[in-house]
Trainee: 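Submitted below is the structure of interest, expressed as structure tokens.
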2 protein chains.
Amino acid sequence: MLPLDDYVPYLLNRAGARIAQAFSEEIRGLGTTLQAWRVLAALRDRDNQRVSELSDHTSIEISTLSRVLDGMQKQGLIARRRADDDGRVVTLHVTPAGRRLTDRILPVAERYERIAINGLSASETATLKRLLRRLYANMDALNGKREAAE
Amino acid sequence: MLPLDDYVPYLLNRAGARIAQAFSEEIRGLGTTLQAWRVLAALRDRDNQRVSELSDHTSIEISTLSRVLDGMQKQGLIARRRADDDGRVVTLHVTPAGRRLTDRILPVAERYERIAINGLSASETATLKRLLRRLYANMDALNGKREAAE
DNA sequence: TCATGATATTTGTAAATGCAAATATTATGG
DNA sequence: CCATAATATTTGCATTTACAAATATCATGA
């Protein structure tokens with residue numbers, strides 16, 4: 001049978017797409033993009049990440065991310081630094097301008113979180129977050145298995 | 001504060017991206033794409049949808065969708081038909097070949113649903129679905145408000 | 001130490017995407 | 001009935017994206 005609105009990947013995509021769409025439109029007014037925000041948010045969580053880590057934390061494919069970083073660097077939002085202990089690794093750093101932009105986006109991000117979970121109780125929100133983390137872990141386990149098989 | 005993994009849009013995107021990624025890779029072996037599957041799944045739910053409805057149900061931007069439909073039409077998976085009561089409207093129909101492809105993707109889709117919700121109880125799964133529908137409705141309400149303001 | 005393989009990132013290139021404009025058709029008010 | 005506005009879809013075009021290949025650096029074992 002499988003009606004569409006009982007299919008988790010569909011529900012997930014649908015909700016995510018709507019939030020991303022609305023949020024993107026809004027921060028366009030701040031002269032930036034959703035992808036750039038994902039990078040800034042990840043680096044706010046922890047600065048000094050390497051490109052591959054950032055790719056993981058933002059869900060941006062690594063070669064795409066490389067070019068997103070080009071753009072952000074040109075805008076002076078981030079800086080690339082070559083790791084001194086391993087010359088292959090590039091680490092990313094938020095500049096003061098990047099921090100200022102982050103601070104302007106943050107209230108918007110917080111507002112969209114509130115809009116998204118509007119009408120959910122605190123316990124429902126906590127459950128939602130827990131289940132979403134579990135979904136991610138489930139998919140991640142699958143990835144691990146596939147890589148191990150190679 | 002806002003740590004990233006406590007932020008609903010982030011958790012949503014992250015889980016959705018992982019599922020989409022794994023599923024895409026898999027159905028590539030069937031000679032098709034995630035976007036095409038979204039169209040087929042939506043039309044399986046209800047055939048005869050117009051382009052704008054399909055855009056809504058698949059979360060594919062309408063001009064992008066128009067070209068996805070071009071490709072699927074060339075592959076003989078769907079047919080376009082002009083509505084006889086309104087010449088502006090184009091409705092979409094799955095062909096027998098499209099149905100055969102759908103039948104081959106369906107078991108894969110069902111498997112990914114199972115993988116995603118692995119470890120969740122039936123009641124947790126039901127809760128997850130309910131909360132995701134609510135999130136979508138919340139964002140949709142926002143859209144409605146914005147359009148009404150114009 | 002040197003050759004070979006592994007890892008991290010970037011770049012080449014073709015395809016996908018999305019905004020805005022164009023096109024086609026229908027609805028509405030005078 | 002006609003002009004104008006509204007609606008549905010497609011197309012022009014610049015940007016973004018992703019796969020594969022290239023590049024740069026490091027690790028390993030003979």
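Just so it is clear: chains get the letters A, B, ... in the order the sequence lines come, proteins before strands, and each one is counted from 1. What you see below is based on every heavy atom in this structure, not just the backbone, and it leaves out hydrogens, waters and symmetry mates.
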Trainee: What are the two closest heavy atoms between P3(A) and D45(B), and how far apart are they?
Mentor: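 Nearest heavy atoms, P3(A) then D45(B): CA-OD1, 3.4 Å.
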Trainee: Just the rounded figure in Å: distance from P of dA20(D) to CD of E61(A).
Mentor: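 The answer, rounded to whole Å, is 10 Å.
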Trainee: Nearest-nucleotide wise, let me know which of S63(A) and L69(B) is further upstream toward the 5' end of DNA chain D.
Mentor: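 Result of the comparison: L69(B).
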Trainee: Donor-acceptor pair, distance only, cut-off 3.5 Å: does the side chain of N138(B) make one with the backbone of N118(A)?
Mentor: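 Checked: pair present.
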Trainee: D70(B) has an atom CG; how far is it from atom P of dT17(C), in whole Å?
Mentor: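 Rounded to the whole Å, the gap is 13 Å.
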Trainee: Any donor and acceptor pair, going by atom type alone, linking the side chain of T95(A) with main-chain N or O of L77(A) inside 3.5 Å?
Mentor: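 Yes, because the side chain of T95(A) sits within donor-acceptor range (under 3.5 Å) of the backbone of L77(A).
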Trainee: With distance as the sole test, does R82(B) use its side chain to make a donor-acceptor pair with the main-chain N or O of G87(B) at under 3.5 Å?
Mentor: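 At least one qualifying donor-acceptor pair exists.
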Trainee: According to a strict under-4.0 Å criterion, is T64(A) in side-chain N/O contact with OP1 or OP2 of dT17(D)?
Mentor: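 Indeed not, no polar side-chain atom of T64(A) lies that close.
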Trainee: Would you say R18(B) and Q21(B) are linked by a side-chain donor-acceptor pair, where the criterion is simply a distance under 3.5 Å?
Mentor: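 R18(B) and Q21(B) do not have a side-chain donor-acceptor pair below 3.5 Å.
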Trainee: Decide, yes or no, whether a salt bridge links R134(A) with E124(B) under the criterion of side-chain N to carboxylate O below 4.0 Å.
Mentor: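 Between E124(B) and R134(A) there is no salt bridge, as every charged N stays at least 4.0 Å from the carboxylate O atoms.
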Trainee: How many Å lie between CG on L65(A) and P on dA8(C), as a whole number?
Mentor: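 Result: 14 Å.
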Trainee: By a strict heavy-atom criterion of less than 4.0 Å, which residues belonging to residues 27-46 of chain B are in contact with DNA chain C?
Mentor: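 Heavy-atom contacts with DNA chain C come from Q35(B).
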Trainee: Quick one: does any side-chain atom of S55(B) pair with a main-chain N or O of I60(B) as donor and acceptor, under 3.5 Å?
Mentor: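 Yes; at least one donor-acceptor contact below 3.5 Å.
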Trainee: Measure from CD on E53(A) to C1' on dT9(C) and round the result to the nearest Å.
Mentor: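 In whole Å, dT9(C) C1' lies 14 Å from E53(A) CD.
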Trainee: Identify the heavy atoms of D6(A) and E113(B) that sit nearest to each other, and give their distance.
Mentor: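 Taking D6(A) first and E113(B) second, the nearest heavy atoms are O-OE2, 3.9 Å.
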Trainee: First locate atom CG of L40(A), then atom OG1 of T102(A), and finally report the distance between them rounded to the nearest 0.5 Å.
Mentor: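 OG1 of T102(A) is found 4.0 Å from CG of L40(A).
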Trainee: Return the value, rounded to whole Å, for the distance between atom CD of E25(A) and atom P of dG18(C).
Mentor: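 Between P of dG18(C) and CD of E25(A): 12 Å.
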Trainee: Tell me whether L132(A) is reachable from F23(B) by hopping between hydrophobic residues (I, L, V, M, F, W, Y) whose side-chain heavy atoms are closer than 4.5 Å.
Mentor: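 Linked, F23(B) and L132(A) end up in one cluster.
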Trainee: Rounding to 10°, can you tell me the angle the first-five-pair axis of the helix from dT1(C)-dA30(D) to dG30(C)-dC1(D) makes with its last-five-pair axis?
Mentor: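 Between the axes fitted at each end of the helix from dT1(C)-dA30(D) to dG30(C)-dC1(D) lies an angle of 10°.
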Trainee: To the nearest angstrom, how far is I60(B) atom CD1 from dA16(C) atom C1'?
Mentor: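 Computing the I60(B):CD1 to dA16(C):C1' distance gives 11 Å.
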Trainee: Between protein and nucleotides 6-8 of chain D, what N or O pairs are separated by less than 3.5 Å?
Mentor:
from: dT7(D); atom 1: O4'; to: R88(B); atom 2: NH1; distance (Å): 3.4
from: dT7(D); atom 1: O2; to: R88(B); atom 2: NH1; distance (Å): 3.2
from: dA8(D); atom 1: OP1; to: R50(B); atom 2: NH1; distance (Å): 3.4

Trainee: Using a strict cut-off of less than 4.0 Å between a Lys/Arg side-chain nitrogen and an Asp/Glu carboxylate oxygen, indicate whether R50(A) and D56(A) qualify as a salt bridge.
Mentor: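 Looking at R50(A) and D56(A), the cut-off is not met.
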Trainee: May I ask you to say what R80(A) touches in the nucleic acid, namely base, sugar-phosphate or nothing, with a heavy-atom cut-off under 4.0 Å?
Mentor: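 Sugar-phosphate contact only.
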Trainee: Pick the closest DNA chain C nucleotide for R82(A) and for R67(A) by heavy atoms, then say which residue is nearer the 5' end.
Mentor: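 Final value for this comparison: R82(A).
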